[in-house]
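Small disclaimer: the values here were computed from a predicted structure and weren't measured.
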Amino acid sequence: MSAEEKLNNHNLDDGAGERAQVLELPMPDDFHVHLRQGPMLQAYVRRLAATCGRALVMPNTEPPIASADAIVQYRCKIEEAAEIGFVPLMTFKLLPGMAARTVDECACAGALAGKYYPCGATTNAADGPRRPEDVAAALSAMEAAGLVLSVHAERPGAPAFQREKLFLPTIDCILDTWPRLRVVIEHVSSRETIDYINSRPDRLAGTITAHHLLFTIDDMLGEGLDPSLFCKPLIKFEEDRGALRQAVFSCSPRFFFGSDSAPHPVQAKLKRNAPGGIYASPTEIPALAGLFEQHGALDALPAFLAKNGAAFYGLPVTGQTLRLTRKRWLVPEEVDGCIPLCAGKELDWSLETDGS
Ligand code: NCD
Ligand code: ZN
């Protein structure tokens, strides 16, 4: 029986209105995650590996992952840190003036994507390109090698809520200048970007996070201020969340899961000038199961979590599964020294391994 058939078996009400207690999903892929470097790497990797079999690892570490050697070493550290069975998918950071040869070497080292962080757009992005021309040779090499261009699509310095929309002309320019390059707009947060992706050729796709699907700006600052929900791009408005939900509930192959789980220690998040980033790995999958179920869209969850992204990146489906059980639990205020997504809230689905 396929994972999807099992999903249906387990999840459809039995007609007498009794709800299934087990949700069996194809093992999710996370196509955008920050695992950092240093002593916390192991905890972040293991937390992620509890619910995702593969993940595209972002290169905005310090120093950045921007060479074949750095890719090989970082992958090795992640594999050592993980329990068996977890596959890190590697990226490199596009730096101004990066040579075509460096890109070719990164491709040989197994990188699937190069990441474009506009200079100053987010955490550890001060060294990013100011315009696509700054990385033109690298983009041509990526196009030739069949690598994916992964973009933090925000225009630095623009009004905070318009940064994503105002970056779309730059995406246009990239798509026109490199007509065979496959491009992913990361962590899509606005209705305009959903509409934009749908209007462009299918070599353009978007990742979507759990937090942009779950929350609006009112959750962050409508009542008590919740700095744990501060991230780039900002969580936006009801109509934006509605467009994101529509895109994933409709199973559109143009959109897939990228958590943008971005851990920052609690102390850093509670300071003035706190960094953007939400630690989503501990709760994102149970939270998404609850959201999709609430909207009668559980059938769309496997495509979003485990099919569309793999298809876009040309990866095989793994056949592994993840089981959740219907068990209400209170998300703690702190996990791995960070505030987890949905801290202090109750979730309906638990990881089977939560055991207790
Ligand atoms: C990310 C981080 O902390 O590395 N922060 C964030 O707010 N999402 C970087 C990023 O993806 O923008
Ligand atoms: Zn990110």
Using a strict cut-off of less than 4.0 Å between a Lys/Arg side-chain nitrogen and an Asp/Glu carboxylate oxygen, indicate whether E238 and R241 qualify as a salt bridge. yes
So, Y196 side chain and D172 main chain: donor-acceptor pair closer than 3.5 Å or not? yes
Should C52 and E284 be marked as a side chain to side chain contact (heavy atoms under 4.5 Å, CB included) after you check the CA-CA gap, both sets of side-chain angles, and the distance that decides it? CA-CA 10 Å; C52 292; E284 59 202 16; 4.1 Å; yes
Is any side-chain heavy atom of N198 closer than 4.5 Å to a side-chain heavy atom of R254? yes
Heavy atoms of D127 and P64 approach each other most closely as OD2-CG, 3.7 Å
If we ignore hydrogens and angles and just use 3.5 Å, is the side chain of K269 paired with the main-chain N or O of F230 as donor and acceptor? yes
Would you indicate whether the side-chain heavy atoms of I278 and D260 approach each other to under 4.5 Å? no
Any donor-acceptor pair under 3.5 Å from R182 side chain to D202 backbone: no
Just do the side chain to side chain contact (heavy atoms under 4.5 Å, CB included) check on L351 and L324 with the steps written out, would you? CA-CA 5 Å; L351 299 185; L324 303 181; 3.4 Å; yes
Applying side chain to side chain contact (heavy atoms under 4.5 Å, CB included) to V184 and Y313, what does each step give before you reach the verdict? CA-CA 10 Å; V184 176; Y313 274 89; 4.0 Å; yes
Would you say the side chain of L288 lies within less than 4.5 Å of the side chain of F304, judging by non-hydrogen atoms? yes
Note: A81 and R46 closest approach over all heavy atoms is O-NE, 2.8 Å
Considering only NZ, NE, NH1 and NH2 on the basic side and carboxylate oxygens on the acidic side, decide whether D176 and R200 come within less than 4.0 Å. yes
Closest non-hydrogen atom pair between N60 and T123, with its separation: ND2-O, 3.2 Å
Side-chain (R203) to main-chain (P179) donor-acceptor, under 3.5 angstrom: yes
Would you check if P63 and Q37 make a side-chain contact, meaning some heavy-atom pair closer than 4.5 Å? yes
Do side-chain atoms of W329 reach the backbone of W349 as a donor and acceptor pair under 3.5 angstrom? yes
Residue E62 excluded, over 12 heavy atoms near CD under 6.0 Å: no
Give a yes or no on whether I71 and V148 share a hydrophobic cluster (residues Ile, Leu, Val, Met, Phe, Trp, Tyr; joining criterion: side-chain heavy atoms under 4.5 Å apart). no
Any sub-3.5 Å donor-acceptor pair from R36's side-chain atoms to P263's backbone N or O? yes
Output for pair (I197 CD1, I185 CD1), nearest 0.5 Å, gives 4.0 Å
Would you mind writing out the side-chain donor-acceptor pairs for residues 106-119 within the sub-3.5 Å range, not counting sequence neighbours?
{"from": "K115", "atom 1": "NZ", "to": "Y117", "atom 2": "OH", "distance (Å)": "3.2"}

Evaluate the side-chain proximity of T207 to V188: yes if any heavy-atom separation is below 4.5 Å, no if none is. no
Salt-bridge test for R191 and D240: reply yes if a basic N is under 4.0 Å from a carboxylate O, no otherwise. no
Restricting to non-hydrogen atoms, name the atom on G344 and the atom on L330 that form the minimum distance, rounded to 0.1 Å. O-CD1, 3.6 Å
For K327, does its backbone N or O pair with a side-chain atom of T325 as donor and acceptor, under 3.5 Å? no
Path from L56 to F86 over hydrophobic side-chain contacts below 4.5 Å: no
Find out if a path of hydrophobic residues (ILVMFWY) with successive side-chain heavy-atom gaps under 4.5 Å connects L305 to L89. no
With side-chain hydrogen bond (donor to acceptor under 3.5 Å, both in side chains) as the test, would you mind laying out the steps for S190 and K236 before giving the verdict? CA-CA 7 Å; S190 64; K236 298 199 168 53; 5.9 Å; no
With ring centroids as reference points, do F292 and F249 lie under 6.0 angstrom apart? yes
Derivation of the side chain to side chain contact (heavy atoms under 4.5 Å, CB included) call for L94 and L139: CA-CA 9 Å; L94 284 159; L139 294 181; 4.0 Å; yes
Between the main-chain N or O of E192 and the side-chain N or O of D195, is there a donor-acceptor pair closer than 3.5 Å? no
Nearest 0.5 Å please: distance from the CZ atom of R245 over to the CG atom of L213. 7.0 Å
Are any of the side-chain heavy atoms of I217 and F161 separated by less than 4.5 Å? yes
For residues L214 and C342, report the shortest heavy-atom separation together with the two atoms involved. CD1-SG, 4.2 Å
To the nearest 0.5 Å, atom CG of L168 lies from atom OG of S199 at 9.0 Å
Quick one: do D104 and R101 make a salt bridge, cutoff under 4.0 Å? no
Side chains of Y74 and M90: does their closest heavy-atom pair fall under 4.5 Å? yes
Is there a path of hydrophobic side-chain contacts, each under 4.5 Å between heavy atoms, that joins V151 and F257? yes
Polar side-chain atom of N308 near backbone of S252 as donor-acceptor pair, under 3.5 Å: yes
Is it possible for you to say whether I171 and L166 belong to one hydrophobic cluster, with membership spreading through side-chain heavy-atom contacts below 4.5 Å? no
Within the 4.5 Å heavy-atom criterion, are L41 and I78 side-chain neighbours or not? yes
Nearest-0.5 Å distance that lies between atom OG in S67 and atom CZ in F92: 10.5 Å
For a quick test of reading the model, state the closest non-hydrogen atom pair linking R163 to G157 and the distance between them. NE-N, 4.1 Å
Nearest 0.5 Å, what's the CG-CD1 distance between L270 and I339? 5.0 Å
Is Q21 reaching over with its side chain to a backbone N or O of R19, donor-acceptor style, under 3.5 angstrom? yes
Using a strict cut-off of less than 4.0 Å between a Lys/Arg side-chain nitrogen and an Asp/Glu carboxylate oxygen, indicate whether R326 and E293 qualify as a salt bridge. yes
Below 30° counts as parallel, above 60° as perpendicular, anything between as tilted: where do the rings of F256 and F312 land? tilted
To the nearest 0.5 Å, atom CG of L301 lies from atom NE2 of H295 at 12.5 Å
How are the rings of H152 and H187 set to each other: parallel, tilted or perpendicular (split at 30° and 60°)? perpendicular
